[in-house]
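Below you'll find the structure, written out as structure tokens, and then a few comments.
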Amino acid sequence: MKKLFNNIWKIRQYLLLWLTQMLSGLGSGMTGYALVIWSYGQEGSALKTALLMVCSYTPYVVCSIFAGALSDRWNKKKTMLVCDALAAVSTVVVWALLKTNSLHIWHLYVVNMFAGLMNTVQQPASEVATTALLPRNTTSGWAASATCPARSTAS
């Protein structure tokens with residue numbers, strides 16, 4: 001039992017990163033799902049609703065080549081914090097627009113593109129930070145769960 005707690009203590013920073021990224025991913029997923037429901041309820045168009053996903057993944061397709069290089073130059077911790085904070089601000093903006101009855105579908109397209117860009121820049125930084133936090137003698141299973149906390153908890 002003492003060895004288990006010792007091992008957990010060694011990877012506490014990794015576990016903190018993993019937990020916060022899992023909660024962030026859960027919040028983003030719930031927000032995305034709610035926006036899809038709102039969009040379809042307002043517009044009644046599957047095409048306009050599907051464009052939300054296109055707007056989310058377009059920044060990844062276009063910018064992922066550059067995001068890795070930028071992430072290597074920048075401080076990983078700050079990059080992750082800034083990207084997550086800006087993505088959270090975009091969610092607050094959507095909430096404020098919704099509360100003032102000013103939310104339109106084009107707002108969601110812009111917000112999804114912005115959030116997609118933040119995820120594209122944050123992902124390489126997160127992967128590098130994760131491998132830096134894990135001790136060298138850990139198994140690849142830890143690293144696999146690190147890259148996508150939501151996937152590792154869903155199984």
Side-chain angles (χ1 to χ4, degrees), residues 1-40 49-50 52-99 103 107-155:
M1 190 67 143
K2 187 175 182 179
K3 185 177 180 180
L4 174 67
F5 287 119
N6 241 359
N7 288 338
I8 290 173
W9 184 254
K10 287 179 186 176
I11 61 169
R12 68 189 180 282
Q13 291 178 327
Y14 160 77
L15 291 174
L16 181 63
L17 173 66
W18 182 85
L19 180 65
T20 56
Q21 290 299 312
M22 183 184 66
L23 291 174
S24 175
L26 177 65
S28 296
M30 290 171 56
T31 301
Y33 186 70
L35 292 178
V36 165
I37 291 172
W38 180 89
S39 168
Y40 190 75
T49 302
L52 288 173
M53 295 308 284
V54 171
C55 289
S56 292
Y57 289 108
T58 298
Y60 182 77
V61 171
V62 173
C63 300
S64 61
I65 296 170
F66 310 109
L70 290 175
S71 177
D72 285 341
R73 292 178 183 218
W74 296 339
N75 180 305
K76 310 302 181 259
K77 186 177 181 179
K78 287 181 182 175
T79 301
M80 292 168 55
L81 286 171
V82 167
C83 288
D84 275 345
L86 290 174
V89 166
S90 69
T91 301
V92 171
V93 167
V94 169
W95 177 79
L97 288 169
L98 182 64
K99 285 296 179 187
L103 186 62
H107 291 126
L108 298 182
Y109 296 151
V110 171
V111 166
N112 275 13
M113 288 193 88
F114 181 75
L117 180 62
M118 292 301 103
N119 287 337
T120 300
V121 174
Q122 188 256 4
Q123 182 183 0
S126 178
E127 290 174 4
V128 170
T130 298
T131 57
L133 290 174
L134 286 172
R136 296 239 184 254
N137 62 352
T138 56
T139 62
S140 61
W142 284 101
S145 68
T147 57
C148 186
R151 247 186 289 163
S152 64
T153 58
S155 56

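What you find for Ser71 and Pro124 is that their closest heavy atoms are OG-C, 3.6 Å. Closest approach of Asp72 to Lys76, counting heavy atoms only: O-NZ, 3.3 Å.
Annotation for Arg12: atom CZ counts as buried by contact number, over 12 foreign heavy atoms lying within 6.0 Å.
For Thr91, the side-chain contact (heavy atoms from CB on, under 4.5 Å) test picks out Thr31, with sequence neighbours left out. Applying the side-chain hydrogen bond (donor to acceptor under 3.5 Å, both in side chains) test to Ser56 and every residue at least two apart in sequence or in another chain returns Asn112. Shown here are the side-chain hydrogen bond (donor to acceptor under 3.5 Å, both in side chains) partners of Asp84, two or more places apart in sequence or in another chain: Gln21. Residues satisfying the side-chain hydrogen bond (donor to acceptor under 3.5 Å, both in side chains) criterion with Ser24, sequence neighbours excluded, are absent altogether. In this view, Trp74 and Leu70, Thr79, Val121 satisfy the side-chain contact (heavy atoms from CB on, under 4.5 Å) rule, not counting sequence neighbours. Judged as a side-chain contact (heavy atoms from CB on, under 4.5 Å), and not counting sequence neighbours, the contacts of Val54 are Leu51, Thr58. Under the rule for a side-chain contact (heavy atoms from CB on, under 4.5 Å), the partners of Thr120 that lie at least two apart in sequence or sit in another chain are Pro59, Tyr60, Cys63, Ser64, Ala67.
Atom CH2 of residue Trp38 and atom CG of residue Leu108 lie 5.5 Å apart, to the nearest 0.5 angstrom. Atom CD of Gln122 is separated from atom CD of Glu127 by 9.5 Å, given to the nearest 0.5 angstrom.
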